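I have placed the structure first, in the form of structure tokens, so that the comments after it can refer back to it.
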Amino acid sequence: MKLPFANPRRQSVLLSRCLFLFAVALSAVSVCGWAIPTANNNEDDKPLGKVPKLPVDSLPANISTTKIPGGFNGIPAAPADNATTAEKVSLGRKLFFDPILSTDGTVSCASCHQPEHGFASPDPIAVGVGGKIGKRNAPTVINRGFGKKFSWDGRDNSLEQQVLGPLKSETELGGDIELVLKNLKNNSEYVEQFHSVFGTDSESPTPETVTAENLAKAIASFERTLTSGNSKVDRFRAAEYEALSKEARQGLWIFESRGGCWKCHSGSNLSDEAFHNTGVGFGKPNRDQGRFEATNNPAHEFQYKTPTLRDVEFTAPYMHDGSVKTLREVVEFYNRGGAPDDPTLDKKMLPLNLSEQEIDFLVEFLKALSGESVLNPAN
Ligand code: HEC
Ligand code: HEC
């Protein structure tokens with residue numbers, strides 16, 4: 001068994017703990033007369049994946065909370081009860097990278113939202129604690145501060161609300177928030193930091209401010225600083241014409257006319273923040289039902305939130321199921337009209353009849369949407 005710790009003593013302690021827990025679980029199973037679970041102990045009987053690597057925080061020391069990304073009218077708006085402050089962002093940042101948020105200490109938010117991967121995951125379907133495979137591709141967290149509904153199916157109404165999802169999920173951070181909060185409360189550094197952000201001056205640090213609500217507020221504040229703007233396309237639009245190559249300019253033109261991309265990828269963040277069935281997943285057995293799962297409205301079946309296209313060159317594979325490997329294949333998919341046989345396909349999806357060269361132009365345009373961000377700070 002390979003454990004993700006370099007320290008062999010830690011490994012053996014962990015190993016014996018695992019064995020102990022396993023024995024306890026087994027005896028509980030036989031006492032209650034349940035069937036012994038399958039070998040991989042994964043509820044859905046899915047095979048296990050490889051636990052993603054744990055990224056270290058190599059973002060710039062200072063992250064601005066006030067800088068307006070080029071191409072946008074402002075910074076992401078924060079809710080009235082959760083103003084973005086530098087101190088809160090720094091706590092949220094620490095939590096985002098810390099595997100203490102998972103029940104077995106092996107997975108952090110950053111494991112699936114990897115900075116060097118555009119804050120998305122290279123795994124087609126996200127893999128969490130114990131190698132459990134989830135259901136969908138981990139999308140980027142970049143510019144989600146500008147979002148209105150969160151997750152592919154839009155089930156969450158704020159970033160604050162979204163944070164608790166992965167903590168409650170058995171296939172992501174392990175599904176035991178109480179245990180995670182207990183571990184945070186036993187950590188004096190966190191107790192002090194939560195207190196200085198959320199406590200009142202007069203009290204001395206107590207673990208009381210270490211709550212799920214405050215944890216969510218801190219992480220959401222950090223996420224609001226993960227913006228990307230001032231891409232070559234923004235600079236071109238701001239009259240710096242030479243910023244965009246001839247090919248990317250052609251691509252921009254196709255995007256905004258014949259390609260019909262603008263119909264859904266609209267506005268500064270290239271998303272209408274609405275839900276569409278583009279035909280991804282059509283013909284798959286047990287097709288993921290998308291927004292229907294969040295609303296139970298049959299009209300919402302197979303619809304997914306239009307994702308931003310900013311920094312999209314870093315976030316392969318694409319789509320809610322990670323089924324499309326490259327940007328060129330994405331454009332080829334649209335060129336075919338998505339899945340023309342899908343009876344509930346969005347009416348805006350039509351075959352495009354683009355030439356091979358025009359497909360290349362669109363790809364060049366998509367790459368020119370990479371911007372300035374914490375990954376690529378402006379100098
Ligand atoms: C095991 C991998 C995994 C971990 C760990 C994880 N996420 Fe995610 N994240 C996902 C997946 C998959 C989705 C899409 C879920 C869906 O649509 O059903 C997602 C969605 C999101 C979204 C919504 C993005 C959008 O487009 O609306 C945000 C924000 C987010 N995660 C932040 C976090 C934070 C913060 C943490 C840590 C508390 C975290 N994630 C931990 C895999 C992960
Ligand atoms: C009918 C609305 C609609 C139109 C038109 C549209 N898109 Fe999309 N786009 C979406 C939705 C919704 C998704 C997510 C689909 C899914 O995962 O099931 C998406 C996904 C993508 C992705 C993958 C992003 C990621 O992070 O996985 C890219 C790239 C993309 N679109 C580019 C384009 C281009 C280029 C065009 C024009 C040729 C276009 N789109 C036209 C709605 C649309």
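Just so it is clear, the values below take in all heavy atoms, side chains as well, and ignore hydrogens, waters and symmetry mates. Small disclaimer: the values here were computed from a predicted structure and weren't measured. Each ligand, and each atom within it, is numbered from 1 in the order the structure gives.
Against a heavy-atom cut-off of under 4.0 Å, V330 is close to the following atoms of ligand 2: 28 (C), 29 (C), 30 (C). In summary, the atoms of ligand 1 found under 4.0 Å from a heavy atom of V127, numbered by their order in the structure, are 1 (C). Ligand 2 places these atoms under 4.0 Å from at least one heavy atom of G260: 5 (C). Interface atoms of ligand 2 facing T278, defined by a heavy-atom separation under 4.0 Å, are 10 (C), 11 (C), 12 (C), 15 (C), 42 (C), 43 (C). The distance from ligand 2 to the heavy atoms of G259 drops below 4.0 Å at these ligand atoms: 37 (C), 38 (C).
Across the listed options K148, R155, E223, R144, R155 owns the non-hydrogen atom lying nearest to atom 16 (C) of ligand 1. Summarising the contacts of atom 8 (Fe) of ligand 2 with W262, Y334, F365, the nearest heavy atom is found in Y334. Ranked by closest heavy atom to atom 28 (C) of ligand 1, the top entry among Q162, E273, K149 is Q162. In this comparison of V363, L350, L309, L369, the heavy atom closest to atom 22 (C) of ligand 2 sits on L309.
Residue-level proximity to ligand 2 for Y318 is carried by backbone and side chain together, each with a heavy atom below 4.0 angstrom. The proximity of F275 to ligand 2, defined as any non-hydrogen pair under 4.0 Å, does not occur for either the backbone or the side chain. Contacts between L95 and ligand 1 below 4.0 angstrom, taking non-hydrogen atoms only, are absent altogether.
If you check which protein heavy atom lies closest to atom 1 (C) of ligand 2, you get C264 SG, 2.8 Å. Closest protein heavy atom to atom 40 (N) of ligand 1: H113 NE2, 2.9 Å. Annotation: atom 13 (C) of ligand 1 to nearest protein heavy atom, P139 CD, 3.3 Å.
Ionic pairing of K132 and E170 is present here: one or more N-O contacts between side-chain nitrogen and carboxylate oxygen are shorter than 4.0 angstrom. With salt bridges taken as basic N to acidic carboxylate O contacts below 4.0 Å, none links E223 and R93.
The distance from atom 8 (Fe) of ligand 1 to the nearest N/O/S atom of C109 is not under 2.8 Å. Atom 8 (Fe) of ligand 2 has no N, O or S atom of T306 under 2.8 Å away, backbone or side chain. Here H265 meets the criterion, with an N, O or S atom under 2.8 Å of atom 8 (Fe) of ligand 2.
Side chains of N376 and S373: no donor on one and acceptor on the other come within 3.5 Å.
The side chain to side chain donor-acceptor pair (under 3.5 Å) test with N143 is passed by exactly one of N269, T308, T227: N269.
Figure legend: cation-pi geometry between R287 and F302, with NZ or CZ positioned under 6.0 Å from the six-membered ring centre and within 45° of its axis.
More than 12 heavy atoms of other residues, nucleotides or ligands shown are found within 6.0 angstrom of CG on D81.
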